[in-house]
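In what follows, a single structure is set out as structure tokens and then discussed.
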Amino acid sequence: MPLTTTGDLVTRAAAARSAVAAFNVITLEHIEAVIAGAESVNAPVVLQVSENAVKFRYGRLHPLARAAVTAAERATVPVALHLDHVKSDALLRQAPDAGFGSVMYDAAGLPYAENLAATRAAADWAHARGLWIEAELGQIGGKDGRPPLDAHAPGARTDPDQARAFVADSGVDALAVAIGTSHAMTSRTAAIDRTLLERLSAALDVPLVLHGSSGLPDPELAAAVAGGITKVNVGTALNIAMTRAIREYLAAHPEAVDSRSYLTVGRDAMTRTVAALIRALGPAPAGSP
């Protein structure tokens, strides 16, 4: 099936009041597991490659991206390729040639005005090349004399008025919002701020994205989608599944030396995790256009 775009999948999800799952991939096993898991439940999916993953791959984007494109073109469900948490403008500029249809530009570590200016420039560049672009606000809060929180800190919350202004002034196509999740959670104990999500959904006319979704139990994932989230990012949950399965296999088979033996169980564990998380999001658009 031809590679699709994140923008198309999110648009279809929004029309169906559902969400598309987006999984961060690091190895070929991640790519294969995400596609196999999506195919098992006949759902579209987004493969995400983060800037950190590119650094892990010796700073080279194209090898992993080309593997993802090749796998996506052989999938039986729509698959999009998304460049995630891009801070480097040099990396951003590699996205179109590498097969990416969308990027998440991350200037969140900058003060608001600088974040806005950098994101506006990135959005203009991306749109001129047909890329869909996602962003986030960064430092949030700081009222009543309290220091601001990073957007992914457990207590961070996105202000609807500030979000509305940021989206209007930056021209981005989607916004990642802080409603109670945080990156790299290894336990599924987070809860979303449902009242805030309702306010954000009413205030913004672009799709809302949830980062740090590995920390949410199934009922909270479903509530996030029901409240207006249309793209759900997952990364840590796959790494937990893969690592746990490999540890258990090697503990039971200390003589194992063929990496295919334990990578197979790791890939299978990720496949099951992908399918389960997609199901948790609730009904999705049909798996074929």
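In this text, all values refer to a predicted model and were calculated from it rather than measured experimentally. In what follows, every heavy atom counts, from backbone to side chain, and hydrogens, waters and symmetry copies are set aside.
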Working to the nearest 0.5 Å, report the span between [atom1] of [X] and [atom2] of [Y].
X	Y	atom1	atom2	value
Leu221	Leu210	CG	CG	7.5 Å
Arg120	Phe166	CZ	CZ	10.5 Å
Asp218	Leu216	CG	CG	9.5 Å
Ile35	Thr76	CD1	OG1	9.5 Å
Ile26	Ser50	CD1	OG	7.0 Å
Lys55	Leu61	NZ	CG	13.5 Å

Which atom names give the shortest non-hydrogen contact between [X] and [Y], and what distance separates them?
X	Y	answer
Gly266	Ile246	CA-CG1, 4.1 Å
Pro78	Met1	N-SD, 3.4 Å
Ala108	Asn115	CA-ND2, 3.9 Å
Leu47	Ala68	CD1-CB, 3.9 Å
Ala135	Val172	CB-CG1, 3.8 Å
Ala98	Leu81	O-CD2, 4.2 Å

Would you check if there is a donor-acceptor pair between the side chains of Asp89 and Tyr105 at a distance under 3.5 Å?
yes

Treating Thr158 as the side-chain partner and Ala178 as the backbone partner, does any N or O pair qualify as donor plus acceptor under 3.5 Å?
yes

Quick check: does any side chain N or O of Asp169 sit under 3.5 Å from a backbone N or O of Arg164, one acting as donor and the other as acceptor?
no

Heavy-atom side-chain proximity of [X] to [Y] below 4.5 angstrom:
X	Y	result
Val274	Val234	no
Val77	Pro44	no
Val232	Leu277	no
Val103	Trp132	no
His85	Glu136	yes
Ile229	Leu197	yes
Val45	Val20	no
Pro207	Lys231	no

Can you sort out the partners of [X] under side-chain contact (heavy atoms from CB on, under 4.5 Å), two or more places apart, ordered by chain and number?
X	value
Ala21	Phe23, Ile278, Leu281
Ala80	Thr4, Thr6, Leu9, Val46
Pro160	Leu196, Arg199, Leu200, Ala203
Ser88	Glu51, Ala90, Leu91

Among Val206, Asn233, Val10, find the one that has a side-chain contact (heavy atoms from CB on, under 4.5 Å) with Glu134.
Asn233

Please list all pairs meeting side-chain hydrogen bond (donor to acceptor under 3.5 Å, both in side chains) that have one or both residues in residues 24-33, counting only residues at least two apart or in different chains.
Asn24-Gln48, Asn24-Asp84, Thr27-Glu29, Thr27-His30, His30-Asn239, Glu32-Arg267

Only pairs at least two apart or in different chains count here, so list each side-chain hydrogen bond (donor to acceptor under 3.5 Å, both in side chains) that has a residue in residues 248-260.
Asp258-Arg260

Can you tell whether the side chains of Asp193 and Arg157 come within less than 4.0 Å, N to carboxylate O?
yes

Please list, chain by chain and in numerical order, all residues satisfying salt bridge (Lys or Arg N to Asp or Glu O under 4.0 Å) with Asp8, sequence neighbours excluded.
none

Who are the salt bridge (Lys or Arg N to Asp or Glu O under 4.0 Å) partners of Asp97, not counting sequence neighbours?
none

Does [X] belong to the same Ile/Leu/Val/Met/Phe/Trp/Tyr cluster as [Y], with side-chain heavy atoms less than 4.5 Å apart forming each link?
X	Y	value
Met270	Ile31	yes
Met104	Leu204	no
Val167	Leu116	yes
Leu131	Val86	yes

Residues forming a side chain to side chain donor-acceptor pair (under 3.5 Å) with Asn52, sequence neighbours excluded
none

In short, ring pair (Phe, Tyr, Trp, His ring centres under 6.0 Å) pairs touching residues 37-84 with sequence neighbours left out are none

For Val209, what are the other residues in its hydrophobic cluster, where any two members join if their side-chain heavy atoms are less than 4.5 angstrom apart?
none

Give every residue pair that meets the salt bridge (charged side-chain N to carboxylate O under 4.0 Å, His left out) criterion with at least one member in residues 68-81, sequence neighbours excluded.
none

Carefully, step by step, assess Leu83 and Ser102 under the rule side-chain contact (heavy atoms from CB on, under 4.5 Å).
CA-CA 6 Å; Leu83 191 56; Ser102 60; over 6 Å; no

Has Arg17 got more than 12 heavy atoms of other residues, nucleotides or ligands less than 6.0 Å from its CZ?
no

As a quick check of understanding, evaluate salt bridge (charged side-chain N to carboxylate O under 4.0 Å, His left out) for Asp268 and Arg272, giving each step before the final call.
CA-CA 6 Å; Asp268 290 346; Arg272 293 190 295 271; 5.2 Å; no

